[in-house]
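As the structure is a prediction and not an experimental result, all values here were calculated from the model. Every heavy atom of this structure was used, including side-chain atoms; hydrogens, water molecules and symmetry mates were not.
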Amino acid sequence: MNTSSLTAEREHLANLLEALQRCTHFLHACSSKVDWPLDGLRLKQDQKNEELFEALAAFNELFAKLQDTLGAAMRHCALLMSETTTPFLRVLALCAQSLGIHPATTDFEAEFQRAYAATSV
């Protein structure tokens, strides 16, 4: 990864981290508009409550955006940590080295190694 590409990736990660903060802020604000916890009975009773369902729709959208942004930030973080195009390998190594956590089974180890070998050629 050349210097200008590395700089661009660092800037992109910084923007993703800011987006995580923004998503978290708005998700928290949206969450405060709903009287938690919700159950099926409450949803049935309030099935025509536009304010409730608008708040739930916004919450759902913001939560999905937060998940997408978090995934992108994690990917870019791993990319910058390893400076390679295979950040998932860095995540696997980091989990194994730092946490002692490995894939739950070895059922897909051979397939994973073949896929990795095919992409790193």
Asks: By side chain to side chain donor-acceptor pair (under 3.5 Å), which residues pair with Glu109, not counting sequence neighbours?
Replies: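 Residues passing side chain to side chain donor-acceptor pair (under 3.5 Å) with Glu109: Gln113.
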Asks: side-chain contact (heavy atoms from CB on, under 4.5 Å) for Leu38 and Asp46? Distances and angles first, verdict last.
Replies: CA-CA 11 Å; Leu38 291 176; Asp46 289 341; over 6 Å; no
Asks: Assess whether side-chain contact (heavy atoms from CB on, under 4.5 Å) is satisfied between Val34 and Phe59, documenting all intermediate values.
Replies: CA-CA 9 Å; Val34 177; Phe59 183 87; 5.7 Å; no
Asks: Taking everything shown except Arg42 itself, do over 12 heavy atoms lie less than 6.0 Å from its CZ?
Replies: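 Correct, the count exceeds 12.
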Asks: Check the pair Lys33, Leu52 against side-chain contact (heavy atoms from CB on, under 4.5 Å), reporting the backbone distance first and the verdict last.
Replies: CA-CA 8 Å; Lys33 295 178 181 180; Leu52 173 62; over 6 Å; no
Asks: What's the shortest heavy-atom distance between Phe63 and Leu27, and which atoms?
Replies: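 It is N-CD1, 3.8 Å.
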Asks: Of all the heavy-atom pairs spanning Thr69 and Ala19, show the shortest one and how long it is.
Replies: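 The pair with the smallest heavy-atom distance is CG2-CB, 3.8 Å.
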Asks: Are Leu16 and Phe26 co-members of a hydrophobic cluster defined by side-chain heavy atoms under 4.5 Å apart?
Replies: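 Each belongs to a different hydrophobic cluster.
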Asks: Kindly check if the number of other-residue, nucleotide or ligand heavy atoms within 6.0 Å of CD (Gln47) is above 12?
Replies: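 Enclosed.
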Asks: What are the two closest non-hydrogen atoms of Ala58 and Cys30, and how far apart are they?
Replies: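 The pair with the smallest heavy-atom distance is CB-SG, 3.7 Å.
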Asks: Locate the shortest heavy-atom distance separating Cys23 from Leu66; write the atom from each residue and the value.
Replies: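 Nearest heavy atoms, Cys23 then Leu66: CB-CD1, 3.8 Å.
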Asks: State whether the side chain of Ser98 and the backbone N or O of Cys95 hold a donor-acceptor pair below 3.5 Å, judged by distance alone.
Replies: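 No, the answer is negative, given that no donor and acceptor are paired below the 3.5 Å cut-off.
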Asks: About how many Å separate CD of Glu9 and CD of Glu11, when rounded to the nearest 0.5 Å?
Replies: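 If we round to the nearest 0.5 Å, Glu11:CD and Glu9:CD are 10.0 Å apart.
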Asks: For residues Leu56 and Leu43, determine if any side-chain heavy atom of one lies less than 4.5 Å from a side-chain heavy atom of the other.
Replies: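 The answer is yes; the side chains approach within 4.5 Å.
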Asks: Can you tell me how far apart CD (Gln67) and CG (Leu62) are? Round to the nearest 0.5 Å.
Replies: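 CG of Leu62 is found 11.5 Å from CD of Gln67.
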Asks: Got more than 12 heavy atoms from elsewhere within 6.0 Å of CD, Glu50?
Replies: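 Atom CD in Glu50 is not crowded, with 12 or fewer foreign heavy atoms closer than 6.0 Å.
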Asks: With a 4.5 Å limit on heavy-atom distance, are the side chains of Trp36 and Ser31 in contact?
Replies: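 Yes, side chains in contact.
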Asks: How many angstroms lie between atom CG of Asn60 and atom NZ of Lys65, to the nearest 0.5 angstrom?
Replies: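 Taking CG in Asn60 and NZ in Lys65, the distance rounds to 14.0 Å.
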Asks: To the nearest 0.5 angstrom, please state how far the CZ atom of Arg10 sits from the OG atom of Ser5.
Replies: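 With rounding to 0.5 Å, CZ (Arg10) is 12.5 Å from OG (Ser5).
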Asks: Could you give all pairs that pass the side chain to side chain donor-acceptor pair (under 3.5 Å) test and reach residues 20-30, with sequence neighbours left out?
Replies: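 Pairs touching residues 20-30 that pass the test: none.
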